[in-house]
Every structure is written in C-alpha cells, then in structure tokens.
Peer 1: 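My questions will all concern the structure given below.
Quick note on labels: first sequence line is chain A, next is B, and so on, each numbered from 1. This is a predicted model, so every value here is computed, not measured.
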Amino acid sequence: MSALPQPSPALNAADRRRLDDLRHRLVEHAKRFAGYPVNAEFDYQELLDLLAYPLNNVGDPWCPSLYRLNTHELEREVVAWFARLTQAPEGDYWGYVTSGGTEGNLYGLFLGRELYPEGMVYYSEDTHYSVAKVLRMLHVRNLMVRSEPDGRMDLQDLRETLHLHRDVPPILFLNAGTTMKGAVDDVRGVRQLLKELALRDYFLHVDAALSGMILPFVEEPDPFDFREGVHSLCISGHKFIGSPLPCGVVLARRRVVDRIARNVEYIGSQDTTVLGSRNGVTPVFLWYQIQRQGVDGFRALVRRCLDTAQYAVDRFAAAGQKAWRHRNSVTVVFPRPPEAVVRRWCLAVNEDIAHLITMPHVTPQMVDALVADVVAGPETPPV
Amino acid sequence: MKQLTIITEDRPGLLTEIATILAEAGINIEDVDAEAAGPTSAISIGVDRYDEALRILSARGWKVFAENTILIEVPDAPGALARVARRFSDAGVNLRSVRFVRRRKGKALVALCTPEESRALELVRDLLPKRSAHPPKGT
C-alpha cells in the first residue's frame, strides 16, 4: 500500500531554498549542541518507509482498537522493557508511549489528583517549569518545597510542610535528574518521612526524564523506581535514547490507572491515555533503538557519557573554572559564561549557573572547544 | 487598566529601562508601585495594553506576574511556606498555589495564587514586601 497514490506537486525553487536554509542552520547548530539533555546521535534511515502510512496509536495500547494502522504491538514491548528496567511489579503496571516528559508528568499528577481530589501537590524549587503549568491545568492545590543548593529537595522543609498539613493527602512530585543540576530527590528519605508522620494516604510520582535511562545502568544507582514504592514515573525517549520526534514513556501501577479508565465506543478502545490521537512512529523508533542497543549497549553508552562528564569537570577545573556534577549525572554545572558563549553552545542558563550535558553526541573534543570558549569569554567567536 | 508585577534585581535605572521598553512599543504606563524585598525589586505597573506588555517584558527575561498573583516576603526557613498555607486552610480560604520567586540572604519572595484575593490579602498583610503601606495595586 502507498499512502500517496498520486505524486504530489513539486516544491518551487524558492521553497526548496528555504528548506536548504533550514538544513544549513540545523547542521551548523548541531555542531555545538551541548546544553540540552537531548541525544543527537541516532540513525533511523531504515524506518523511513513507515512514514508513508498514517500511523496513529489512538487509545490504550493494551486494548484492541478499530484503527488498525497502529504500532500498539511494538509500543507494548517498549513499555514492558521500561517496566522491567524500573522494576515495575509484574502484572501490576500499565503505561504507554507519550509525547514527552510533560505528558508523562501530567498523567502522573492526574492519577494523584484522581486518587486524592483534596490532596496537595508538593514539588521542589528545582522542578521543571512545565510542572507549574500542569498543576494549573489540573487545578490541583500545590506548594513548592525548598531545594538544597545541589538541587535536591530539602527534606527538612518537606518534613515541616507535611507535618503542618497532615490533614491533607500529599501528592509528591519528585525528580530523578533535575533540569539544571541533574539532582535526584531522596525517594527513600521521603518515604521515611511519610512513615514517621504516619501518613498512609499519599501518591508518589517521579519525573525521571533523563536519569531514568541512566540510573538503571550504573553500579550504585540513586533509588528512584517502583522498588521504592513510587506509584508512577516517566522517562523521556528523545533525551538519552534519542529520536527526531519528542517522546517518552509513562508507567504507573495498574490499580491506580483503573480508577480513570473510561470506555469510548467510537474507537472501540479503552481511553486511558491523556491524548486521543497519539504518535505511532515514536514507539517504533524506541523499539528499534532498544533492539539494537539492548541493556548492555545502553550500559556502555551511559558509561561513556559519564566518563565524558567527568572529563568536562576535570577540564573546567584545569582551566580555573569551578564545575561539578552529581555522581550519576551527565549534567555538568559551571558558572554562567558570557552571552556569546551561551548562544554559541546552546547552553541552558539559570541565574548565575549554566550547564553542559554530555549526551552521547558530545565528545571530549567538543568539551575542549567549549572550555576554550568559556576561558576566552567575550572574545568567543559569534555563532 | 490591568496591572502586572516584574520581579528582578534592584538596581539603578530599572524603572527607566522598563518605561523606555514599553514606550517604544506604544504602551502607556498609568500607575507604578515599586517595592523592595531584600535585594529584589517588585515593580507593579498598570498599563493600557496588558497582554502586549506581558509579552514584551517576559521576552526580556524578567519574571513577570499576572494581576491575580499576591507577592509576599517570608524568612527563608524550613516550613515557612507551609505556615503561610496553613493560615489559608485554617481560615477556609482557597489557596491554589504557593511558590518561591526568589530566595536570597535569608529572605524568600513568594507568589501566592488564590481566587479569593481580598480575603487572602487580609491573611498575609503582615508579609507584604516592605517600603509599602499598601499591597501592590491589582494584586
């Protein structure tokens, strides 16, 4: 079958030039793409013929759908792989491939709010900005908790907060890899607090957008997954695995998902996902990379990225710049450089800090060049 | 007239800079109320073209708060926000969100969002930023 039975009219010369300009711009920026947690090293050429079909994973990937041009089967395999990776209890998990971290967090917080409509969401100061937006959309009460200087949630502040609001079920939004500093909140510490305060009704969601694909592959991981009693978590697909289209996975305990299941007759499928029409291509991309890399491949890739991160810390130190990172993080924090350097290297900045994230495409040579530009400061050549 | 609040480092010439940017866009400032919270400035301005002013000032990298936000100052200490939220629970006033805007030098500037603005202001009157005998207009 061909989705395009008739050849489409060709682009005119002016439009072709615009696409060429776009390609040129992307090639140039990709050379110094070092400040965002996105892997630019992937090759999906083998899958391009699938783009000839109107793929759509509408509905629950675990339920039969009348829309047959879907990739539900591969999506289920992807979800099951992530479930094993995050120690989800066999037979008591559910999940799907999302459009990215924001949808995963929306889903997790939605579950929490459905379970505890009168609950209060607690999240740290270092949480991704999109969470405030999600909280507003969900119309759920929320209170920000202080962060430690290294980016982890301040458990002393959380203790005081939970104690003062012990009449309200807490919905805890925790991070495994904060946006700016790569910090992992102390999930065990949080659960200990809940136990000490005798709070039995609570919900735990973990945003493991980046570190969810790092921690399972290191020797001494920070605790973050279902073994620690979390109810839901999400991991991005376009971040560590890499994809030209943003994507991710959300996983939750089956018993809490069942609370929001609704039958939708129109598509003949259970509508448990946030979106209706869903991307049918990204599950194939993720499945493809999982098959090619496997656990051993990802473990080696994580090791390489962590080595590059430490190399960056050392190179900054040798250049007289104070840089640091968390033990299991590829996020290298350093003092905010001049704007010319920020623009040239696509760096993310926040107040007086910036970060480099050593994703798979970031090489030691790129690190050397970045450090040289940081040292050169305002003398850095323009983009 | 609608009001918005800009949060930034307190420095000389800040008000002039804001006024110039808005004037260049043809936006009229009809009211100004500047307050200090430690090293931070909270500048509330009333403008005739609210949405455009919000967009232009946000694009400059400033933190700009819409008019339904109340800004307060509390000690930067564990449980400080929780104690503020408790006041609302005890008084039966709906408080949607409580979050830090900035933490500096032992003080925290905090944004509160509530649909019950006038009752909320009564509850946090003692926490409104200093150098002002009244809350920022429109917050």
Peer 1: For chain B, find which of A/Leu143, A/Leu158, A/Leu162 contributes the most heavy-atom pairs closer than 4.5 angstrom.
Peer 2: A/Leu143
Peer 1: Pick one of side chain, backbone, both or neither for B/Leu95, based on which atoms fall under 4.5 Å of a heavy atom in chain A.
Peer 2: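 The answer is the backbone of B/Leu95.
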Peer 1: Which atoms of A/Val121 come close to chain B, meaning under 4.5 Å heavy atom to heavy atom: side chain ones, backbone ones, both, or neither?
Peer 2: neither
Peer 1: Please give me the minimum heavy-atom distance between B/Ala82 and A/Leu164, naming the atom from each residue.
Peer 2: CB-CD1, 3.6 Å
Peer 1: Anything under 3.5 Å between chain A and chain B that's a donor-acceptor pair? List each one with its distance, please.
Peer 2:
unit_1	atom_1	unit_2	atom_2	d
A/Glu125	OE1	B/Arg103	NH1	2.5
A/His139	O	B/Arg96	NH2	2.3
A/Asn142	N	B/Arg96	O	2.9
A/Asn142	O	B/Val98	N	3.0
A/Asn142	ND2	B/Arg96	O	3.2
A/Met144	N	B/Val98	O	2.8
A/Arg146	NH1	B/Asp76	O	2.9
A/Arg146	NH1	B/Asp76	OD1	2.7
A/Ser147	O	B/Arg103	NH1	3.2
A/Asp157	OD1	B/Gly79	N	2.5
A/Leu164	O	B/Arg86	NH1	2.8
A/His165	NE2	B/Ala82	O	2.9
A/Asp167	OD1	B/Arg86	NH1	3.0
A/Asp167	OD2	B/Arg86	NH2	3.4
A/Glu351	OE1	B/Arg104	NH2	3.1

Peer 1: List in chain and number order the residues that pass ring-ring contact (aromatic ring centres under 6.0 Å, His included) with A/Phe224, two or more places apart in sequence or in another chain; answer none if no residue qualifies.
Peer 2: none
